[in-house]
Amino acid sequence: MLPVRRTAIPGPNSLALADELRRSENPQITFLDPLRRFPVFWESASGCLVTDADGNTYLDLTAAFGVAGVGHSNPRVVEAIQKQAGTLIHGMGDVHPSGVKVRLAEKIAARAPGDLGFVIFGLNGGDAVEAALKSARLFNGKPGVLAFRAGYHGLTMGALAVTERADFREPFSGQVPTFGRHVPYCEPRECRLSCGSRCTAACLSFVEDAFRDHRDTLGAVIVEPLQGRGGIIEPPSGWMAGLRELCDRYEILLIADEIFTGWGRTGDWWACDADAVVPDILCMGKAMGGGFPISACAMRPGIAQAWGESTGEALHTSTFLGHPLACAASLAAISEIERLDLPHRAKATGEYFKMRLFELKDRFPEQIAEVRGRGLMLGLRFDKKETALGLVYDLLQRGLIVLPAGPGDILEFVPPLIIETGQIDFALNEIAASLNAGYPSGQGNKNVTG
Ligand SMILES: Cc1ncc(COP(=O)(O)O)c(C=O)c1O
């Protein structure tokens, strides 16, 4: 299925909705382009296609922030939600829970790598990160957490302490906790230590220096095994394994933030699998709910034990923890990932997508500087930010939903894992056509971000 255009984009209904929203939502939240090129308001979605309020359809190359791994409105997920809604919508998460929470906890324990058999549920990625940070603190008593430049772990206060971007942190200075410190991620393109495609371990010296210098206070390191929002940055093979080895040597917990990369996105169940790394704590979210908000933090038994047993009032919970609808949706989404063998499919389709991106780079060597990523977590780096942002607007006109990443010079491609090669071909043709036409709407606005 391919996109169909019925009206100007955005059409009259999207424009009217933008005007209404302007009157009722805090103006910082939804980007309502003063030039009225953005956004389109979604009405429905199925598989890889989204239909807007004017009946225009688009190919979604974002999986709506990496969530729709099993496709939008996956019929089995929809059926599971409908069935659950007919029996129990809301339970009492940490007091009188639902059976479906038990089944999901067991499923995650079985799917998580190694012995990460104990979970704490949350509603979004930031929740999983908060649970991970608290778990580390309880386990070894050390509050400090090492994180990486350009890392993104969410915008709740604890997560902000490890998310590196200044524009998210500075407006709240004085409120953002200060237990996080940051060192360079291994960005192969900028590696000053000539790692190339295989990590020389030299760039881990930044990590080792921090471990050594802050031994008394550092309890954990949090890392995206492939940085997503920071710009689809894939560290060289061996880097994650080197990080694991350093954590073992200095007795520091390794927290893998697989909220974006997990559940098949990079061509393995977990991005850590590529380096055969088992973290101590794993954060997951996005795709695990099939579109329903749910996240989890999975940990080793010893770390779970550090929390102690609940004696009546949970130390960490929320009203909707282990929400039955979310758990039912998640169980269905995980079975779909298994049934359709989506990690394997992401690997194969991702190779095809990447090959087509390299062809595009060959055709437009002036504009395209680099192809990056693996599985269905891919990116194109452009010569300048304006090119990537201009494409975001112009490709919307051509029926493609895409987002920029990193400092704005990257276009990221993280489609539903069920995307067909014909849809990839369509996307590549439209990108080429847009580049040929000079991506006409090139007045970028930095607010168009994921
Ligand atoms: C790696 C990573 N961690 C955490 C988050 C935060 O997740 P959420 O927005 O669901 O709170 C994101 C969101 O993009 C992410 O990519």
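Order of listing sets the numbers, starting from 1, for every ligand and every atom in it. All values below were derived from every heavy atom in this structure, side-chain atoms included, with hydrogens, water molecules and symmetry-related copies excluded. Residue numbers start at 1 and run along the sequence shown.
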TODO: Could you grab the distance from atom CG of Asp52 to atom OH of Tyr58, nearest 0.5 Å is fine?
DONE: 3.5 Å
Is there any N or O on [X] that sits under 3.5 Å from an N or O of ligand 1?
X: Asp257; result: yes
X: Gly125; result: yes
X: His153; result: no
X: Gly126; result: yes

Open item on the list: Taking 4.0 Å as the limit for heavy-atom contacts, which would you say applies to Glu224 with ligand 1: side chain only, backbone only, both, or neither?
Closed with: side chain
Open item on the list: Applying a heavy-atom cut-off of 4.0 Å, say which part of Tyr152 lies close to ligand 1: side chain, backbone, both or neither.
Closed with: both
Open item on the list: Quick check on the 6.0 Å ring-centre criterion: do Tyr185 and Trp239 meet it?
Closed with: yes
Open item on the list: Check this for me: Phe172, atom CZ, are more than 12 non-hydrogen atoms of other residues, nucleotides or ligands nearer than 6.0 Å?
Closed with: no
Open item on the list: Donor-acceptor check, side chain of Asp275 to backbone of Gly238, threshold 3.5 angstrom: yes or no?
Closed with: yes
Task: Short side-chain donor-acceptor distance under 3.5 Å, Thr62 and Asp60 - done: yes
Open item on the list: If only side-chain N and O atoms count, and only distance matters, is there a donor-acceptor pair under 3.5 Å linking Thr261 with Glu258?
Closed with: yes
Task: Close approach of Gln227 to ligand 1, heavy atoms, under 4.0 angstrom - done: no
